[in-house]
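Structure record follows, encoded as structure tokens.
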Amino acid sequence: MKIKKTKIEREPTEFALRVYDLLRQVPRGRVVSYGELARALGKASPRAVGQALRRNPYAPEVPCHRVIAANGRIGGFQGYRTGPALRRKLDLLAREGVVFEKGRLKDAANKFHEFGVT
DNA sequence: GCCCTACATCAAC
DNA sequence: GTTGATGTAGGGC
């Protein structure tokens with residue numbers, strides 16, 4: 001039988017691939033904001049970045065847990081903006097040295113913004 | 001200090 | 001045209 005399972009998981013677009021590549025540059029113990037990624041891309045909006053990350057087909061390969069909001073908020077994780085997934089994200093970051101407090105980034109110094117700047 | 005609302009902006013549905 | 005893992009600006013508690 002043909003069970004058209006609503007192709008939810010589409011292949012990543014060129015735009016998404018760019019986002020993933022940048023995210024992979026983020027070292028451990030560092031986090032980036034959607035806006036920073038959008039800025040690194042040169043021409044994009046924070047929302048577009050979030051869209052790409054949410055689709056993230058390269059789950060373990062792309063550290064989507066190192067992406068937070070510019071205002072220090074935690075953003076989302078694995079498609080969830082709230083719930084146990086967020087707690088997991090905070091735990092992963094804390095493990096890498098990124099301390100969060102009350103769902104907010106405690107030290108903004110952990111923010112990384114040196115893409116491609118070798 | 002905290003939270004919410006409105007508008008702007010780009011990509012995907 | 002609407003939504004979305006946002007951002008900035010403005011207002012209220």
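First the proteins, then the strands, lettered A, B, ... as listed; each starts at 1. Fair warning: this is a prediction, and the values are worked out from it, not measured in the lab.
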Opposite nucleotide pairing with B:dC10, Watson-Crick or G-U, both atom distances under 3.5 Å: C:dG4
Write down the distance between NZ (A:K111) and P (C:dG7), rounded to a whole number of angstrom. 8 Å
Does A:N56 offer a backbone N or O that forms a donor-acceptor pair with the side chain of A:Y20 under 3.5 Å? yes
What distance separates A:D21 CG from A:F115 CZ, expressed to the nearest 0.5 Å? 10.0 Å
Nearest heavy-atom neighbours spanning A:V19 and A:A52: CG2-CB, 4.0 Å
With no hydrogens and no angle check, is any side-chain donor or acceptor of A:R66 less than 3.5 Å from a backbone partner on A:V26? yes
Rounded to whole Å, please give me the gap between CZ in A:R18 and P in B:dA11. 8 Å
Roughly, in whole Å, what's the span from CZ in A:R55 to C1' in B:dC13? 9 Å
Protein-nucleotide distance (A:L17, atom CG; B:dA12, atom P), rounded to Å: 10 Å
Nearest whole Å is fine: how far is C:dA5 P from A:L105 CG? 21 Å
Quickly work out the A:R81 CZ to C:dA5 P distance and round it to whole Å. 5 Å
Is the shortest side-chain N/O distance from A:T13 to OP1 or OP2 of B:dA12 below 4.0 Å? yes
Tell me the closest heavy-atom pair linking A:F100 and A:I68, and the distance in Å. CZ-CG2, 3.7 Å
Is it the case that atom CZ in A:R88 sees more than 12 heavy atoms from other parts of the structure closer than 6.0 Å? no
Under 4.0 angstrom, heavy atoms only, what part of the nucleic acid is A:G75 near: base, sugar-phosphate, or nothing? nothing
Rounding to a whole Å, what distance do you find between A:L53:CG and B:dA11:P? 14 Å
Quick note, A:Q51 side chain, CB onward, closest among C:dA5, B:dC10, C:dG4 is C:dG4
So A:R104, base contact, sugar-phosphate only, or nothing? Heavy-atom distance under 4.0 Å. sugar-phosphate
Close approaches to DNA chain C from residues 67-74 of chain A, in residue order (heavy atom, under 4.0 Å): A:A69, A:A70, A:N71
C:dA5 P sits how many Å from A:L90 CG, rounded? 17 Å
Would you call A:E36 and A:K111 a salt bridge, taking side-chain N to carboxylate O under 4.0 Å as the test? no
